[in-house]
Structure formats: structure tokens, C-alpha cells
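Notes for the one structure printed next.
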Amino acid sequence: MQDNQTIEQPPEVQFAGISRWLKENLFSSISSSILTLLSVTAVVSTFRSIIGFFISPEREWTAVTYNLQLYMVQAYPESDFMRVWITVGLLISLLGLSWGFNSLKEKVLVKDWCDGLLKGVSSFLFIILVAPSTVDVEGVSVEVFNSNTRAICFGIGVVLIIGIYLLRKTSPKMEIVKDRISFLYLALLVSSIWVIKVPTVTFTESNERVDPDPFLPLASTTTIPWTVIFGFMVVAYLTGSFLKTKGRNSMSRIILSSWILAPLVIVSWIYRKPDFGMSNILTQDIPIAVAFSLLGIVAIKTLNSDKVIPYQKYVTYGMLALTAVVFFLPVLRQLKLLFLITWLLVSIAPTVANSKESARNLSIVWTVTVFILILLMRGASSESLIIVPGSSIYGGFTLTWLIAFFGIAISFPFGVVLALGRTSKLPIIRIICTAVIELVRSVPFITWLFFGSVMLTLFLPKGVEFDEVLRAIVVTAIFSSAYLAENVRGGLQSINNGQFEAADAVGLSTLQRITLIIMPQALRAVIPPIVSQVISLFKDTSLVAIVGLFDLLYIGSKVIPNQSQGANFLGTIQENILFCAIFYWLFTYSFARRSMKIEKRLGLGER
Amino acid sequence: MSIIKSVDVKKWYGDFQALKGISMDVAEGEVLVIAGPSGSGKSTFIRCINRLEQHQDGQIFVDGIELTNDLKNIEAIRSEVGMVFQSFNLFPHLTVLQNITLAPIWVRKKSKTEAEEKAMELLERVGIPEQADKFPGQLSGGQQQRVAIARALAMEPKIMLFDEPTSALDPEMIKEVLDVMKELAKSGMTMIVVTHEMGFAKEVADRVMLFDDGQLVEENTPDEFFNNPKSDRTKLFLSQIL
């Protein structure tokens, strides 16, 4: 509208020089000068002692570096590590694909990027400067950081700062795609694992541990897979970007369903190494899948033909009755599930597949779903060929990840349903949902874990037994959904009544109103509390140790500090707990960062 | 033939009686303006017509269908009756185009391209085709209200209800919304407009009604209503607002 007017820019803020900045911000009055000096002293001495703690010769970091495998997969047999790498590779490639597809290709000024880098290098210089050169070990002062090393590190920092400063000067207006910077960092990380050396336990010929531990490069069994996975990620990213430029919008649905399927495929096929038995698949699964997909397609066709339309209701009721009957018959579990989803199909088919095109789409979706479900169930119900004596095959970070991911993923739909139920106008549903939420919330998580571990079996029919990990996941999901429901309810209440009226006025049905208008807005409003909940759930997974599962923290706090055979790591609890803390922090902090970005993106043009 | 007919409609909020027996009818293609002081029940009445409020006594027929608790009837009527609100009530998480195409796609089961073509046509008609990909929060009040009109029209309704469409707008923006409404009236749409814009009533309305205290006080042609009102209440009302 105002294209032809010249737009006046605000005056640029000039940097008035260091002395003036110091005076204005740090030494503006006597009391502020005192405060500044005090806090600088406090920060420096704290950092000194923390760094001293880290580099003291008393610390045995080998306990961490030697046990990384234990931390990640616990007792998973080494002969099948390929499965672990496939799992990691699959997830990271998927990440790359959706990153490439969804990336906004945001650009950042090289100037701003350099500013960030300068901050990073300055912190590095600060650490180098304040690091103590000697540390007291049992009353004796030991040199840990000699002045030569300090000078070299300082020199590197200064060179970096000059380099970055020059880059900043020479290209003030240049822009760079943010994703490229991220890939640069990742590439640096991956190449660093080829050169980095870590302390490792070695033994002499007489089987005595060499002291001190020598620094050795990482084994090729670690470096090669990571490099290959990085390559896959880059390829996936480029594929995603390419598909985006081609305008393949159906890809977004495919990527979403891959995200839902990937963990299931990993858990039932890859990680467990199930004993498939080709004969079972050929004689049972394939015929059942073909039969049910044909049944579904016929149902979609006939239900929408003019003759059957008046009887749609009775078909749905009949199917429900049949499902109930099948449920109590001693047949394959696959069949029970298939009858259930066939009932779902016949109840949604009349509304969803009312045109030729949508009927065809629904048929395709149905066939694919049936086949995938059958194969997943075959994988999950087959005997696992990986046997870990004395514990579950899931342990360490794998377990933490598994419980957190499925706990959150399962609790989401349940939480939303509970929230809707609690705000519903139907009294019975409202009372039930309120009761469930209040009951679950008012009992401690640990109690629920015990309940799942010890008492759940009493409530289940004889012969039905859950794996300990599955029980922990179920309990986590139930617990988390009660909290999630309350968060979502907060979002629901924040929505203006006018939105309900507008949705009604344009003729949307109740279900459409909730899914298209109310829920998207309600969930958007409660992203911050939901993210805090996800973060706290991720950390709370460490409580499953209480029912005998070996999660990351349990390995760090109990297992490694008690290793006395072979490499002796008795009492290395400080190092291990610190490592766990940093590990948790890395993940939770990246969730938080991610959610900030999502909020920013969704807030676009809102209100 | 009347397209809307109400017989002795009564409504209470708790003990307070908001509508004290309203009987009226609207012919097809007619433009009816309802005026009246705040709290006179005029908004409540038109909100009863598409069942955003439930009347407790009496009958309302829209296009020959009686409004009852039967959900099928309510949905049928709502898709025939478009509504424009005082506070716009656009969906803030959807773009302008998505706001307009949502109901045609999900309720009328139109294909996306068809719905979008129609939506662009309507945006042309209300004069803001260039705003199609913006979010409601990025538009001015007048533009938002015009989008709301386009959203209601996208369902191809037989009747349009306007509930104080200009009350939340700056004086400068009122005109752009009224212009759209005038154009709509000329195209032969059946309209019920609750408004304080007496200029609009004079120029466009076929009939003007005055509500007071839940009752229909006067019903007249605009000419008679403004120049020669029957009741004293109307005279008082006109003397206060003109």
C-alpha cells in the first residue's frame, strides 16, 4: 500500500566504546560496582573449582568412556550390534528427511552467526584463563594444567577470534542458510570422532590393568557407523528438500506415518530379532491380510451403494457384535484386532468415503494398514532370538528413550480424550474422566510403577502376561495422560466462545468442530506446559529403576560404580552421575529449544 | 411465501425473560433491519434463528423446517443460514482462504480446488482478494468482517443473519462493510440485520423493526419508520440516536 513512499528506518544504534559500556552497565554507581566485583569473584572461583573437579587426576573418566556401550544398550549382545546401528540410522535418516522437507530454509546474516561464534570462543578463552594450574589431591598439590598448554590453548582461541572478526568485517551483508551451519557443526562433530582420543582400559600380558590409562582413538566399530549414518542423513535431507521443491505435498502425510511406524517397526522387527518363521507368514498372515483387505474394499463399495445406505447402521451394530464375540473366542490375536478395526472401518466408511475418489483412497489406506498391522503383530508376537540373561533386552539409554517416547506418544491421544471428556456435557462421561484424572494424579508415580509391576497381574486374566518394560510404558502413559489432560483442558478453556459459535454457524458437526477448530487452537495455547511435561516425563523415566529395570541413571549410579572385575571402577559415582546429568541436559535442552522454534512458527499471524 | 416464520417465541435466561413472544415472518429476498436499545433481545432473537440460542416456547420455521432439538434439522438449517458476528469470530489459526473453504470442503464435501475457486470469487466480491494467504490477525477489523461475510457466503446460504456487524469497527471501516452488505442486498439475498446504522436501514431495508424489552414494538417500512413512527417508543428511540 505504501510502496511508493520511502520508508524511514530507525537510527542505527552506535556502539559507544568499551569504557562507556562498562561504565553504563557495570559501574554506574558505587553499589553496582561492588555488586559487579563480588559477582565476578564468585563466578570465577566457582568455575575454577568446577574445572578443577573435572580435570583433577582423581577423576576416573575412563569409567564413562569405557562404559559408553553399557550406557547406551546395556547388555545387548555385541554380535547383533548391527541391529542397533540400523535402528539409529533409520531414525536419523527419517529425521533428515523431515528436516529437509519441512525446513523453511531460514537465512541468517554471517555477521550474526559470527557474533554467536565470538561468544562461544570467548567462553572458551574464559575457561582457559580461569582453569587452575594445580589441584590438591589428599593434601598434595598436583599440577594439572601447565603454563605451556594454557598458552597454546589461549593462542588458538585468539587466532580463532581474529579469524572470525575478519570474516565478520569482510562480509557484513552476506547471508547463509541456517541448515548449512547445522550441517557444518554436525560434520565437525563426525570428523572429530576420527581424531579424538579417549582414555581406555588396557591390560598387560599378565592381565593387569595398565596405569595410567592410555589415550586411544575410538574403535572403527564406532566411527564407521556414525560416518555412514551422517552420510545417510545428508542424503535424506537433500531428498526431502528436493521433494519439497517438487511440491509433493502428499509426502508430509507419508513422513508423518513413517514417524508413527518407525518405532513400532524397530521395536517389533529390528531390535528384538523375532523368530519370524516363514511358514507362519505364508500360511497365516498373508491369507488373513488378503482376506481382510478384500473384505474392507467390498465393505467400502457396498456400504455406499444406494441399496445398502438405509441399513448402514445395522451393519455397524452387527460388526460390533461380531467383534465382541470374536474377542472372547480362542483365536489368533491378529484376528481380534482385525475385527476391531474392521468395525471402525464400517462405522467411518459411510461418512469418509462418500465420493468415488475418497472411496478409492480409503481402500488403499485400508489395505496398507491391514498388511502393516499383521506384519507388526507377527513380529511382536514371535519369540525374540536375542536373549539377555537376567534382564530385559532393553537397557540403558535405549530403555530411557523407549519408555519416554512411547509413554508420551500413547499419552497424547488419551490425554486429549480425557480433557474433552472432562469438559463434556454428558454427565457420565464427565464423571468418569474426572475420576480417572484425579485418581491417577493423586497417587505418586512410583506407586503406580509398583502397581504395574506387582499388582497389575492380579487384575489381568490368567495367562496374560506383560513384559516388565511394556508394563512400565503402560503405567508411564497412563500417568502422563492424566497430567496432559489437565494441560489440554487449560487450553480448551482459553478458547473464546465465539469460536464455538462460528463453527456451529457454518454447519460443522461436533467432531469437525473439535478436530478442525477447537483442538488446534487449544493445543497451540498450551505448548509451553506440554513441553515442560514432556521434559519432566523424560527425566522421570529414571524412576523405573525401582521396579528392576536398568535405565541410564541406574547404570550410572549403581552398576558402573560397583564394577570390580576386569577394569575396576569401584566408587566412580561422581564421574558417572555427572555424565548422566550432562546427557539428560543435552536432550531436555534440545527439546526446549525445539519447542521455542515451534511456538514461533505457529504463532505466525496469530491474533 | 415466507422463508422465516416465528410464532410467539419466548426465551428466558434464568428468571430473566429475554424474549416475550415474538411473532414475525420474513419473505424470500427481503431485507429486514432490527433496531433497538441494548438488551432488548434483538441479538438473542436472531441467534435463535440458527439455534445458537434455544427458544423455550413458541415455534420457529426456517425454509419450512421447524427448529427442534433434532440434530439433523439443526444441521440442515445451519447450512442454509449464514451468520456474521459482531466480533467476526474468524478462525485465527487458519489463513483467510482456509477460513472460507473450510465449511464447503467439510460440510458440502466440495473438492479443494472447487472450494478455493469459489472462495477467491467471493474475496473479489468483498474486495480483498490480495489478502487470501494472510492470517486474520494480520487484517484490519473491516477486512476481517468482510472475510467473515465471504466465509458465510461460501456455504451458498439462502438467508444471511448479521448480528451488529459494524459495532466493533472504527468509523472509517464501517463504510467498507456496509458497502458489501448493500451490494449483497441488491443481489436479492434474504437478510436480517441487527444494527444501529440507521443510514443503512433507510437506504437498503425493505422493512424495519424495533425491539424493546423483549418485545416487537414497531414494524414498518423504512419511510414510515423514520418519518412517521406509530409508537411513542420508536419516537423516543429515534430522538436519542438521530
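To find a chain, count down the sequence lines: A is the first, B the second, and so on, and within it residues start at 1. Just so it is clear, the model here is predicted, and its values are computed rather than measured.
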Which bit of A/Ser509 is near chain B, if near means a heavy-atom gap under 4.5 Å: side chain, backbone, both or neither? both
Non-hydrogen atoms of B/Val107 and A/Val506 that approach each other most closely: CG2-O, 4.1 Å
Using heavy-atom distances under 4.5 Å, tell me whether B/Arg108 contacts chain A through its side chain, its backbone, both, or neither. neither
Is the number of heavy atoms from other residues, nucleotides or ligands under 6.0 Å of B/Lys175 NZ greater than 12? no
Part of A/Gln512 within contact of chain B (heavy atom distance under 4.5 Å): side chain
Other residues, nucleotides and ligands only: do more than 12 of their heavy atoms fall within 6.0 Å of CZ on B/Phe61? yes
Interatomic distance, A/Asp504 atom CG to B/Asn50 atom CG [nearest 0.5 angstrom]: 8.5 Å
Does OH belonging to B/Tyr13 count more than 12 external heavy atoms closer than 6.0 Å? yes
Report yes if the side chains of B/Arg47 and A/Glu501 come closer than 4.5 Å at any heavy-atom pair, otherwise no. yes
Of all heavy-atom pairs linking B/Pro92 and A/Gln521, the shortest is CG-OE1, 3.4 Å
What part of B/Val84 gets closer than 4.5 Å to chain A, counting heavy atoms only: side chain, backbone, both or neither? neither
Which value, rounded to the nearest 0.5 Å, describes the distance between B/Asn89 atom CG and A/Ile517 atom CD1? 11.0 Å
Heavy-atom distances under 4.5 Å only: say whether B/Leu90 touches chain A with side chain, backbone, both or neither. backbone
Distance from B/Trp106 atom CH2 to A/Arg513 atom CZ, nearest 0.5 Å? 15.5 Å
Could you pull out the closest heavy-atom pair between B/Phe91 and A/Ala502, with the gap in Å? CE2-CB, 3.8 Å
Greater than 12 external heavy atoms within 6.0 Å of A/Phe242's CZ: no
Are more than 12 heavy atoms from other residues, nucleotides or ligands located less than 6.0 Å from atom CG of A/Leu104? yes
Closest non-hydrogen contact found for B/His93 with A/Pro520 is CD2-CB, 3.6 Å
Counting only heavy atoms not in A/Lys597, do more than 12 fall under 6.0 Å of its NZ? no
